[in-house]
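One structure is given below, encoded as structure tokens.
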Amino acid sequence: MESPPPSTSGPAVWDVDALLGRLTLDEKAALTAGVDSWHTASVGRLGIPAVKFSDGPNGARGETRDGISVTPSVCIPSETALGATWDPELVAETAAMVARQALDKGARVLLAPTVNLHRHPLWGRNFEAFSEDPILTAKVAVGYIRGVQAQGVAATVKHFVGNETEFERNTSSSVIDERALRELYLLPFEYAVKAADVLALMTGYNRVNGRHTADDPRLLTDILRREWGFRGVVMTDWFGLSRTLDAARAGLDLEMPGPSRSFGAALAASVRAGDVEEALLDAKVRRLLTLLNRVGAQEAPVEEPERPVDRPEDRTLNRRVAADALVLLSNRSVLPLATSGLRRIAVVGPNADRPAIMGGGSAGVVPHYVLSPLTALRERLGD
């Protein structure tokens with residue numbers, strides 16, 4: 001497994017331990033839960049800002065209203081298409097473009113990439129993941145993470161782990177033996193930690209062998225932190241289930257979104273009652289403050305309205321990625337088309353004029369523009 005590149009982040013803007021020592025118990029606990037759909041808590045008296053998150057598998061989604069993005073963004077080819085390029089460096093370029101769009105929206109944490117595996121054709125989020133192959137997924141994910149974090153944005157690898165079904169996703173249990181867990185399901189996450197130094201990780205909605213991942217000390221502490229050396233922030237998926245005591249002891253750092261349910265005030269109460277050691281809370285806050293240092297959160301401008309920036313170079317890159325993602329199964333002397341001899345072209349299927357360019361959900365964005373195959377052919381070939 002290749003080693004991570006040297007850190008490109010600047011010097012820390014906070015003395016984390018000194019800042020931690022100035023926080024009250026309630027302030028520390030507040031930092032372990034979001035305040036709304038996309039922001040962490042702030043501590044104004046100490047200059048700790050709220051940090052904005054953005055979904056990212058299909059582009060920087062930014063703020064949403066009724067589940068729809070407010071501000072247009074580059075819509076990149078799906079992660080399955082990125083996987084089909086077999087090109088981690090091209091994926092890194094694409095991810096850097098997404099990170100720049102996240103910064104246009106004031107976000108410093110990108111909720112991508114998804115590295116769950118294609119295990120069944122009926123999984124409703126296959127389009128949001130790279131591949132059925134753990135090595136290909138791992139290599140491409142490393143490229144994605146490096147591309148994002150080189151722009152000063154934290155990548156979030158998700159969903160840890162065995163989260164390959166949408167059916168009863170909050171209660172289902174993925175029963176996985178140790179060899180399959182290590183060789184298939186955990187492998188892309190291990191690469192993300194060891195080879196890409198990913199800054200954040202998101203737990204899944206599901207249980208693994210009977211236990212919710214956000215409450216599982218073997219996954220979050222024994223494997224993720226002790227074996228792999230992960231030093232970043234572990235967060236829940238949005239409204240994912242976690243239990244205050246179990247999650248606090250297992251190694252969960254951040255409950256999203258807000259207002260808090262398991263952490264925040266509930267975690268402060270557990271510390272006061274003696275059920276959770278304050279040192280555990282301190283470790284969570286230290287990891288969060290360290291992440292904020294890595295992305296320069298203190299030096300970030302005061303949040304402004306999101307900006308829809310449609311760069312010509314982004315269009316060019318997006319077109320190159322889409323072309324590289326195409327898979328030609330066979331060519332019986334048909335391609336390239338000799339346009340001079342064409343008289344008629346049949347374009348078949350409803351999506352010819354109503355293009356399906358994304359899967360939706362957390363991977364849905366409002367694109368800067370949409371061009372259907374039929375329109376593009378007419379522009380190129382005339383009537």
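Please read all numbers here as calculations on a predicted model, not as lab measurements.
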To the nearest 0.5 Å, what is the distance between [atom1] on [X] and [atom2] on [Y]?
X: Thr80; Y: His118; atom1: OG1; atom2: NE2; answer: 3.5 Å
X: Leu224; Y: Phe189; atom1: CG; atom2: CZ; answer: 9.5 Å
X: Asn116; Y: Ser131; atom1: CG; atom2: OG; answer: 12.5 Å
X: Leu46; Y: Arg22; atom1: CG; atom2: CZ; answer: 5.0 Å
X: Asn58; Y: Phe127; atom1: CG; atom2: CZ; answer: 7.0 Å
X: Glu164; Y: His159; atom1: CD; atom2: NE2; answer: 10.5 Å

Backbone N or O of [Y] within a donor-acceptor pair of the [X] side chain at under 3.5 Å?
X: Gln101; Y: Val74; value: yes
X: Thr165; Y: Phe167; value: yes
X: Glu255; Y: Arg261; value: yes
X: Lys284; Y: Leu252; value: yes
X: Arg125; Y: Ala129; value: no
X: Ser262; Y: Ser242; value: yes
X: Thr221; Y: Ala250; value: yes
X: Thr213; Y: Gly204; value: yes
X: Ser42; Y: Pro49; value: no
X: Arg169; Y: Asn206; value: no

Report all side-chain donor-acceptor pairs from residues 90-97 shorter than 3.5 Å, counting only partners two or more places apart or in another chain.
| from | atom 1 | to | atom 2 | distance (Å) |
| --- | --- | --- | --- | --- |
| Glu93 | OE1 | Arg320 | NH2 | 2.9 |
| Thr94 | OG1 | Leu90 | O | 2.9 |

Worksheet item: Would Glu313 and Arg100 pass as an ion pair if we require N to O under 4.0 Å?
Response: no

Practice prompt. Inspect the contact between Asp216 and Arg207 and indicate whether a charged nitrogen and a carboxylate oxygen are less than 4.0 angstrom apart.
Written response: no

Can you tell me if [atom1] on [X] sees more than 12 non-hydrogen neighbours from other groups inside 6.0 Å?
X: Arg231; atom1: CZ; value: no
X: Glu89; atom1: CD; value: no
X: Arg45; atom1: CZ; value: yes

Practice prompt. Go through the steps for Glu63 and Thr71 under the test side-chain contact (heavy atoms from CB on, under 4.5 Å), then give the verdict.
Written response: CA-CA 7 Å; Glu63 296 276 3; Thr71 309; 5.9 Å; no

Worksheet entry | Over all atoms of both residues, closest heavy-atom pair of Gly56 and Ala112 | C-CB, 3.6 Å

Discussion item. Tell me whether the rings of Trp238 and Trp38 are parallel (<30°), tilted (30 to 60°) or perpendicular (>60°).
Written reply: tilted

Is [Y] close to [X] at the side-chain level, that is, under 4.5 Å between some pair of heavy atoms?
X: Val109; Y: Val295; answer: no
X: Phe230; Y: Val198; answer: yes
X: Arg211; Y: Pro217; answer: yes
X: Ile135; Y: Tyr191; answer: yes
X: Pro113; Y: Glu79; answer: yes
X: Asp310; Y: Arg315; answer: yes
X: Glu379; Y: Leu371; answer: yes
X: Leu281; Y: Thr32; answer: yes

Can you get from [X] to [Y] by hopping between Ile, Leu, Val, Met, Phe, Trp and Tyr side chains that sit under 4.5 Å apart?
X: Leu23; Y: Leu280; answer: yes
X: Ile357; Y: Val321; answer: no
X: Val35; Y: Phe53; answer: no
X: Leu241; Y: Leu254; answer: no
X: Val271; Y: Leu20; answer: yes

Discussion item. Suppose we screen for salt bridge (charged side-chain N to carboxylate O under 4.0 Å, His left out). Which residues come up paired with Asp246, at least two apart in sequence or across chains?
Written reply: Arg243

Practice prompt. Check step by step if salt bridge (Lys or Arg N to Asp or Glu O under 4.0 Å) holds for Arg311 and Asp104.
Written response: CA-CA 12 Å; Arg311 301 177 177 90; Asp104 292 337; 3.1 Å; yes

Fill in: For Val16, all residues meeting side chain to side chain contact (heavy atoms under 4.5 Å, CB included), sequence neighbours excluded
Arg286, Leu289, Thr290, Asn293

Discussion item. Run the side-chain contact (heavy atoms from CB on, under 4.5 Å) test on Glu278 and Leu25 for me, step by step, so that the C-alpha distance in whole Å, both residues' side-chain angles and the decisive distance to 0.1 Å come before the verdict.
Written reply: CA-CA 8 Å; Glu278 190 166 358; Leu25 173 60; 4.1 Å; yes

Worksheet item: In this structure, which one of Val233, Thr236, Leu111 forms a side-chain contact (heavy atoms from CB on, under 4.5 Å) with Met202?
Response: Leu111

Worksheet item: Met358 pairs by side-chain contact (heavy atoms from CB on, under 4.5 Å) with which of Val365, Val366, Ile76?
Response: Val365

Table please: side-chain donor-acceptor pairs of residues 170-186 below 3.5 Å, with sequence neighbours left out.
| from | atom 1 | to | atom 2 | distance (Å) |
| --- | --- | --- | --- | --- |
| Thr171 | OG1 | Glu168 | O | 3.4 |
| Ser172 | OG | Glu168 | O | 3.4 |
| Ser173 | OG | Asn209 | N | 3.4 |
| Ser173 | OG | Gly210 | N | 2.8 |
| Ser174 | OG | Gly162 | O | 2.6 |
| Asp177 | OD1 | Arg179 | N | 3.2 |
| Asp177 | OD1 | Ala180 | N | 2.8 |
| Glu178 | OE1 | Arg218 | NH2 | 2.9 |
| Glu178 | OE2 | Arg182 | NE | 3.0 |
| Glu178 | OE2 | Arg218 | NH2 | 2.7 |
| Arg179 | NE | Glu183 | OE1 | 3.3 |
| Arg179 | NE | Glu183 | OE2 | 3.0 |
| Arg182 | NH1 | Glu227 | OE1 | 2.9 |
| Arg182 | NH2 | Glu227 | OE2 | 3.1 |
| Tyr185 | OH | Arg119 | NE | 3.1 |

Can you give each donor-acceptor pair under 3.5 Å made by side-chain atoms of residues 340-353, sequence neighbours left out, with the distance rounded to 0.1 Å?
| from | atom 1 | to | atom 2 | distance (Å) |
| --- | --- | --- | --- | --- |
| Asn351 | ND2 | Arg354 | O | 3.0 |
| Asp353 | OD1 | Ser372 | OG | 3.3 |

Worksheet item: Cluster partners of Tyr369, using ILVMFWY side-chain heavy atoms under 4.5 angstrom, listed by chain and number?
Response: none

Worksheet item: Would Tyr144 and Val157 count as a side-chain contact (heavy atoms from CB on, under 4.5 Å) if you check the C-alpha gap in whole Å, the side-chain angles of each, and the deciding distance to 0.1 Å?
Response: CA-CA 10 Å; Tyr144 194 105; Val157 66; over 6 Å; no

Discussion item. Do His39 and Asp36 pair up side chain to side chain, a donor and an acceptor below 3.5 Å, judged on atom types alone?
Written reply: yes

